[in-house]
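Written below as structure tokens is the structure these notes are about.
Note that the coordinates shown come from a computational prediction; the quantities given were computed from them, not determined experimentally. As a basis for the values below, the full set of heavy atoms in this structure was taken, side chains included, without hydrogen atoms, waters or symmetry mates.
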Amino acid sequence: QQQQQQQQKQQQQTAVRAPSPAQHSFVTITFDGGSRNNPGRAGYGYAVFERQHNERLRMGCRPLPYGSTNNEAEYSGLIAGMRYCLEKLGARHIVARGDSQLVVRQLTGQYKVNGERLLPLYREAKLLQERCESFQIEHIYR
């Protein structure tokens with residue numbers, strides 16, 4: 001019985017627990033997207049880190065429909081990461097980092113959004129941004 005109790009205790013200690021929203025209100029998202037032949041086969045990825053200890057909380061990736069552009073993939077990675085942070089973690093303070101100068105400059109107002117295919121993605125990212133208490137987006141170099 002004592003051995004059984006020790007095993008249960010070990011299992012409880014090593015069990016993966018869902019992150020508590022209260023613990024992770026300050027997060028960093030790194031996002032990226034790409035398209036072969038642009039437009040063509042495309043996909044995105046993102047990673048979410050808790051800021052205080054730089055602990056990775058989540059990684060995600062997904063293919064996009066054939067004919068998607070690189071910029072659509074970049075926006076999709078950012079949006080997927082932001083959705084996860086806001087809806088699953090309850091994060092309210094987000095720093096996003098990506099290598100897409102276009103996405104960063106459009107979201108900071110330095111560039112206009114001219115492409116009609118990018119406009120819905122831009123609007124969605126802005127709506128998600130409005131749900132944050134603080135949001136910062138940074139360009140990282142490749």
Side-chain angles (χ1 to χ4, degrees), residues 3-142:
Q3 188 178 15
Q4 211 173 21
Q5 287 175 342
Q6 284 178 337
Q7 286 176 340
Q8 286 176 344
K9 190 175 181 180
Q10 275 185 321
Q11 287 174 346
Q12 289 172 349
Q13 289 174 347
T14 59
V16 176
R17 297 184 193 134
S20 165
Q23 290 178 317
H24 304 297
S25 61
F26 292 85
V27 296
T28 299
I29 303 167
T30 56
F31 66 93
D32 200 7
S35 175
R36 182 168 291 208
N37 296 329
N38 199 26
R41 292 175 32 172
Y44 67 80
Y46 69 90
V48 177
F49 299 87
E50 184 272 332
R51 265 196 266 171
Q52 187 175 3
H53 303 289
N54 202 32
E55 174 189 0
R56 188 177 68 215
L57 302 174
R58 168 87 172 188
M59 290 175 57
C61 62
R62 183 167 293 206
L64 293 171
Y66 184 82
S68 296
T69 67
N70 186 69
N71 292 327
E72 290 169 332
E74 295 278 1
Y75 264 110
S76 296
L78 172 63
I79 289 167
M82 289 178 73
R83 274 194 197 140
Y84 179 80
C85 291
L86 291 165
E87 296 168 8
K88 302 293 185 193
L89 296 179
R92 292 294 174 248
H93 304 275
I94 296 175
V95 174
R97 295 185 174 129
D99 66 1
S100 172
Q101 189 176 62
L102 180 91
V103 169
V104 171
R105 290 193 176 178
Q106 284 179 340
L107 288 173
T108 57
Q110 294 173 301
Y111 286 177
K112 291 182 181 180
V113 182
N114 294 323
E116 62 184 56
R117 288 174 56 165
L118 289 185
L119 195 54
L121 296 167
Y122 167 81
R123 287 181 177 150
E124 186 171 359
K126 290 302 272 185
L127 286 173
L128 292 168
Q129 181 181 341
E130 289 172 8
R131 291 171 52 188
C132 300
E133 288 180 37
S134 67
F135 178 82
Q136 182 179 344
I137 188 163
E138 302 172 352
H139 179 243
I140 55 175
Y141 294 91
R142 296 177 197 167

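- The shortest heavy-atom contact between Leu86 and Leu128 is CD1-O, 3.5 Å.
- Between Arg123 and Leu127, the closest side-chain pair of non-hydrogen atoms is not below 4.5 Å.
- Residue pairs that meet the side chain to side chain donor-acceptor pair (under 3.5 Å) test with at least one member in residues 110-122, sequence neighbours left out, are Glu72-Arg117, Arg105-Tyr111, Thr108-Gln110.
- Scanning all heavy atoms of the two residues, the minimum distance from Ser68 to Ala42 falls at CB-CB, 3.7 Å.
- Tyr75 places a side-chain heavy atom less than 4.5 Å from the side chain of Leu107.
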Worksheet item: Where do Ser134 and His93 land on the side-chain hydrogen bond (donor to acceptor under 3.5 Å, both in side chains) test, with the steps shown first?
Response: CA-CA 5 Å; Ser134 67; His93 304 275; 2.8 Å; yes
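- Residue pairs meeting the salt bridge (Lys or Arg N to Asp or Glu O under 4.0 Å) criterion with at least one partner in residues 51-60, sequence neighbours excluded, are absent.
- Under the side-chain contact (heavy atoms from CB on, under 4.5 Å) test applied with Thr28, the options Leu57, Val95, Asn54 reduce to a single match, Val95.
- No donor-acceptor pair under 3.5 Å is formed between the side chain of Ser25 and the backbone N or O of Arg92.
- A 4.5 Å side-chain heavy-atom check between Val48 and Met59 finds every atom pair outside the cut-off.
- To the nearest 0.5 Å, the span separating CD on Glu124 from CD on Gln129 amounts to 13.0 Å.
- Between Ile94 and Cys85, the closest heavy-atom pair is CD1-CB, 3.9 Å.
- Tyr46 approaches Gly81 most closely through the heavy-atom pair CD1-CA, 3.6 Å.
- In plain terms, the two heavy atoms of Phe31 and Ala96 that are nearest each other are CE2-CB, 4.2 Å.
- Side chains of Phe49 and Thr30 form a contact here, defined as non-hydrogen atoms less than 4.5 Å apart.
- A salt bridge (Lys or Arg N to Asp or Glu O under 4.0 Å) check over residues 26-42, counting only residues at least two apart or in different chains, returns nothing.
- Applying the side chain to side chain contact (heavy atoms under 4.5 Å, CB included) criterion to Cys61, with sequence neighbours excluded, gives no partner residue.
- Applying the side chain to side chain contact (heavy atoms under 4.5 Å, CB included) test to Gln52 and every residue at least two apart in sequence or in another chain returns Glu50.
- Two residues are said to be in side-chain contact when any heavy atoms from C-beta on lie closer than 4.5 Å; Val104 and Glu138 fail this criterion.
- A side-chain contact (heavy atoms from CB on, under 4.5 Å) with Glu74 is found for exactly one of Thr69, Asp99, Leu102, namely Asp99.
- Partners of Tyr44 according to the side chain to side chain donor-acceptor pair (under 3.5 Å) rule, which considers only residues two or more places apart in sequence or in another chain, do not exist here.
- Here the CE atom belonging to Met82 is positioned 8.0 Å from the CD1 atom belonging to Ile137, to the nearest 0.5 angstrom.
- Nearest approach of Leu78 to Ala125, heavy atoms of both residues: CD2-CB, 4.4 Å.
- Put simply, the side chain of Asn38 gets close to the backbone of Asn70: a donor and an acceptor are under 3.5 Å apart.
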